[in-house]
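Residue numbering restarts at 1 for every chain, and letters A, B, ... go by the order of the sequence lines. What you see is a predicted model, and the numbers here were worked out from it, not measured in a lab.
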Amino acid sequence: MNQARSLRIYNTLTGKKEIFEPIVPGHVGMYVCGPTVYNDAHLGNCRTYVSFDVIHRYFRLLDYKVRYVRNITDVGHLTDDGEDRMAKGSKLAQLEPMEVAQRYTVGFHEMMRILNTLPPSIEPRATGHIPEQIEMVQDILDRGYAYEKNGSVYFNVPKFAAENPGTYGSVSGRILEDLYAETRELKSQDEKEHPADFAIWMKGRPQDLMLWKSPWSVGFPGWHLECSAMSTKYLGKTFDIHGGGNDLKFPHHENEVAQNFGSCGCAPAKLWMHANMLLLNNKKMSKSDGNTISPAELFTGTSQHTSKAYSPMVVRFFMLMAHYRSTLDITDEALLAAEKGFKKLMETNKILQSLPVDSKAFDGSENDHDRAILELIEEAYKGMDDDFNTAIAIASLNEIGSYVHKIANQQLPADAIAPWVLEKMKSTFETFIFNIFGLKDDSAESGDDGTIDGLMSLILDIRNHARTQKDWTTSDKIRDTLSELGIQVKDGKEGVSWGKA
RNA sequence: GGUUUCCUGGCCGAGCGGUUAGGCACAGCUCUGCAAAAGCUGCUACAGCGGUUCGAAUCCGCUGGAAACCUCCA
C-alpha cells in the first residue's frame with residue numbers, strides 16, 4: 001500500500017471532493033477538535049472520534065507520517081447563563097476545576113480505549129497553552145483585527161471581513177450580512193462594537209475560578225482561541241486537515257479561521273472535514289437537551305431506547321456502516337442488524353484465515369472467480385479512497401465473504417480460487433477489519449486462559465460421542481443446556497464449533 | 001425569520017447521468033437424526049409533480065416533509 005493511490009476528500013471550504021495533496025510530501029498534519037471535559041463523553045462525541053480514527057488509520061496504512069493533534073479543552077466555554085462550564089461543573093461537585101477536568105479527561109480516554117481508537121500524536125490542553133493564546137491575542141491586536149474594552153479583547157469581525165474578502169463565512173457558508181440581520185440583542189454584549197464580534201480574551205469576574213494574568217487583565221482566553229493557538233503551535237500556520245463535528249462549523253471553526261488569519265495573514269488548514277451528527281429519535285443527540293444515550297448505557301443495555309446491551313465493537317461497526325458525512329440514526333433495530341453483521345464478518349474472517357493455501361499450486365493464472373474477487377478487493381480500497389467510504393468497503397468484504405463460505409462449505413472446490421488470490425483475500429480481511437476499521441474480536445474476552453476452550457472441547461467431544469451412538473437425548477440435552485447458557489453449538493461439515501450467541 | 005442539508009425497498013444504509021451496493025428482517029431450497037449455524041435463490045426501492053437528456057435515484061424547478069446551524073454542544 002502506498003501514497004500512489006489517489007485519495008479524494010470532501011472539503012467543507014469548497015463543498016467538493018478534492019484530490020488530497022499533502023503540504024509536505026509523505027506527511028499529514030491533522031487537527032481535530034477534542035472534547036470539553038466538563039462531563040461524561042456521550043455517544044455523539046464517540047462517533048466523531050471514531051470517524052477520525054478511521055481516517056487517521058487509513059492515512060497510516062497509506063504510509064503517511066501522520067501528526068494527529070486532538071486537544072482537550074479544559075477552560076473557556078461559557079454556558080448560556082454566562083457561567084464557565086468548568087466552573088459550573090466544579091461548583092456543583094465542590095471540586096477544583098482541574099479536578100473536574102481530570103476526572104472527565106480520564107473518562108474520555110477510557111472511552112476512547114474501549115472503542116479501540118488510536119491515541120493522537122499530541123493531545124494538548126488549553127490550560128497548558130495560555131501563553132501561546134495570549135501571544136495570539138497580541139498578534140491579532142497588532143494586526144488591527146481586535147480591540148480592547150475594559151480588560152477584555154474582542155475580535156473585530158466587520159473589519160476583518162471587509163479587509164479579507166472570502167474568508168469570514170468560508171467554513172460555515174454564512175454570509176456576514178445575514179449575521180448582522182440575525183444577531184439580535186443578546187445579553188452582555190454591551191462591550192462589543194458589533195454583535196458578530198467575539199471575545200478572544202475575557203476579563204475575569206469575582207466568581208470565575210480559572211484566571212490567568214495577561215497584558216489586558218486577569219482573565220481567561222476566549223472560547224475559540226485554544227484551537228487556533230495549539231494547531232499553530234504543533235502543526236504550523238498552515239496545515240493539511242482540520243476536522244471536527246458538524247456543529248462546530250459555526251461559530252467555532254469560523255472564528256478559528258478568523259483568528260488564525262487575523263494573527264498571521266494565512267489560512268490555518270487547506271482542508272476542513274466535518275463528521276455528521278448521531279441522531280436519536282430523529283434528532284441530534286445532545287447532552288444539553290437530554291436527547292442522548294450514554295455509551296455506558298448502551299454497553300450495559302440499561303437505556304430505555306435499546307432492548308439489550310451492545311458491545312463497543314458492535315457500536316463501532318454500526319458507526320462504520322454509514323458514511324461519516326451522513327447523519328446516522330441510532331435505533332434498536334439498526335443496532336441489532338449491526339450486531340449480526342459484525343459477528344458474521346468476524347466469523348467469516350476466522351473461517352477465511354483457517355482455509356489452507358496450496359502454495360505449490362501457484363501458477364499466476366486467474367479464472368473468473370479470481371478476477372471477481374480481485375475486483376471486489378480493489379473496490380474496497382476504492383471506497384476508502386473516495387472520502388473514506390467505509391460503507392462501500394464493508395459491502396465489498398461481505399461479497400468476498402460469500403466466496404469464503406462457499407469454499408468452506410465445499411460448494412466451490414478449494415482450488416476454484418488461485419492460491420495467491422486466497423492469500424490476498426486473507427491479508428485484505430485482516431487489513432480492513434483490524435487496521436483500517438479498528439475492530440477487534442470482543443466475543444471471546446473475559447480473561448480466559450484457555451480453560452473455557454478446553455472445557456468446551458471436552459463437552460462437545462462427549463456430545464459427539466453420544467451422537468455417534470445415536471443417543472439423541474444426551475446430545476440434545478448438551479446442546480439445549482449450552483444454548484440456555486448463551487452458547488451456540490454450530491454443526492458444520494468440518495466438525496463442531498461454538499460461539500456466544 | 002435567515003442559511004444549509006436531507007427525504008432510497010419492512011428496517012438500517014451506499015449511490016454524485018447508463019450494472020443486483022451491502023447488512024438486517026422475511027420466504028423457499030440445500031445440508032442435517034431434529035434443530036441451529038452456514039450456503040443458495042427470491043424480495044428491484046428511490047417523497048410528489050414537472051423539466052433537461054438517447055437515458056435520472058443521480059442535474060434543474062416547484063410542492064410537501066424532516067433536520068442542522070444562526071446560542072454551549074462532536
Side-chain contact test, heavy atoms from C-beta onward, threshold under 4.5 Å: evaluate it for [X] versus [Y] and give yes or no.
| X | Y | value |
| --- | --- | --- |
| A:Asn11 | A:Trp272 | yes |
| A:Phe388 | A:Phe52 | no |
| A:Met346 | A:Lys350 | no |

Between [X] and [N], does any side-chain N or O lie under 4.0 Å from OP1 or OP2?
| X | N | answer |
| --- | --- | --- |
| A:Asn45 | B:A74 | yes |
| A:Ser326 | B:A14 | yes |
| A:Lys406 | B:C40 | yes |
| A:Asn389 | B:G15 | yes |
| A:Lys249 | B:U3 | no |

Legend entry - Heavy-atom pair of closest approach, residues A:Leu320 and A:Thr390: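 Of all heavy-atom pairs spanning A:Leu320 and A:Thr390, the closest is O-OG1, 2.7 Å.
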Interatomic distance where [atom1] belongs to [X] and [atom2] belongs to [N] [whole Å]:
| X | N | atom1 | atom2 | value |
| --- | --- | --- | --- | --- |
| A:Phe198 | B:C72 | CZ | P | 12 Å |
| A:Lys344 | B:C24 | NZ | P | 4 Å |
| A:Glu226 | B:A74 | CD | P | 11 Å |
| A:Ile72 | B:A74 | CD1 | C1' | 13 Å |
| A:Asn255 | B:U71 | CG | P | 11 Å |
| A:Asp247 | B:C73 | CG | C1' | 5 Å |
| A:Met346 | B:A38 | CE | P | 15 Å |
| A:Leu13 | B:U4 | CG | C1' | 16 Å |

Select base, sugar-phosphate, or nothing to describe what [X] touches, counting heavy atoms under 4.0 Å on all strands.
| X | value |
| --- | --- |
| A:Ala275 | nothing |
| A:Lys17 | base |
| A:His274 | nothing |
| A:Asn398 | sugar-phosphate |
| A:Lys340 | sugar-phosphate |
| A:Val32 | nothing |
| A:Gly44 | base |
| A:Glu399 | sugar-phosphate |
| A:Met321 | sugar-phosphate |
| A:Leu278 | base |
| A:Asp329 | sugar-phosphate |

Side chain of [X], heavy atoms from C-beta onward: which of [options] has the nearest atom to it?
| X | options | result |
| --- | --- | --- |
| A:Lys490 | B:A37, B:A35, B:G39 | B:A37 |
| A:Arg325 | B:A68, B:C72, B:C16 | B:C16 |
| A:Arg174 | B:C70, B:C12, B:C40 | B:C70 |
| A:Asn282 | B:A66, B:C69, B:G33 | B:A66 |
| A:Asn409 | B:G39, B:A37, B:C70 | B:G39 |
| A:Lys284 | B:A37, B:A74, B:C24 | B:A74 |
| A:Ala391 | B:A66, B:C73, B:G13 | B:G13 |
| A:Ile392 | B:C11, B:A14, B:A67 | B:A14 |
| A:Leu248 | B:C73, B:C40, B:A35 | B:C73 |
| A:Ser402 | B:G22, B:A14, B:C40 | B:C40 |

Inset, instruction - Please check if any side-chain donor atom of A:Glu191 sits under 3.5 Å from a side-chain acceptor atom of A:Tyr154, or the reverse. - result: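 Result is yes, a qualifying pair exists.
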Inset, instruction - Could you verify whether a donor N or O on one side chain and an acceptor N or O on the other, from A:Tyr168 and A:Asn255, lie under 3.5 Å apart? - result: yes
So which nucleotide does [N] pair with, by the Watson-Crick or G-U wobble rule with both distances under 3.5 Å?
| N | answer |
| --- | --- |
| B:G1 | B:C70 |
| B:C24 | B:G10 |
| B:C16 | none |
| B:G55 | none |
| B:G33 | none |
| B:C43 | none |

With [atom1] as the reference atom in both, quote the distance from [N] to [M] in angstrom, rounded to an integer.
| N | M | atom1 | answer |
| --- | --- | --- | --- |
| B:C59 | B:G17 | P | 8 Å |
| B:A47 | B:C7 | C1' | 6 Å |
| B:C72 | B:G9 | P | 37 Å |
| B:G18 | B:C24 | P | 28 Å |
| B:A57 | B:C16 | C1' | 11 Å |
| B:U53 | B:C11 | C1' | 35 Å |
| B:C62 | B:U20 | C1' | 33 Å |
| B:C46 | B:C69 | C1' | 28 Å |

Inset, instruction - Decide yes or no, distance alone: a donor-acceptor N/O pair under 3.5 angstrom between the base of B:A36 and the side-chain of A:Arg479. - result: no
Legend entry - Nearest-nucleotide comparison on RNA chain B, the residue closer to the 5′ end among A:Thr331 and A:Ile351: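 Between the two, 5'-proximity favours A:Thr331.
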Legend entry - Comparing A:Cys33 and A:Ile330 on RNA chain B - which has the more 5′ nearest nucleotide: A:Ile330
Legend entry - A:His305 NE2: over 12 foreign heavy atoms closer than 6.0 Å: yes
Inset, instruction - Look at the rings of A:Phe198 and A:Phe155 and say which category their plane angle falls in: under 30° parallel, 30 to 60° tilted, over 60° perpendicular. - result: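 Plane angle under 30°, so parallel.
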Inset, instruction - Under the side chain to side chain contact (heavy atoms under 4.5 Å, CB included) rule, what do A:Ser170 and A:Glu254 come out as? Steps first, then yes or no, please. - result: CA-CA 7 Å; A:Ser170 57; A:Glu254 202 62 78; 4.0 Å; yes
Legend entry - Over-ring placement of A:Lys426 relative to A:Phe429, 6.0 Å and 45° cut-offs: no
Legend entry - Aromatic stack A:Trp472/B:G33: centroid gap under 5.5 Å, interplanar angle under 30°: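 Here A:Trp472 meets both the 5.5 Å and the 30° conditions.
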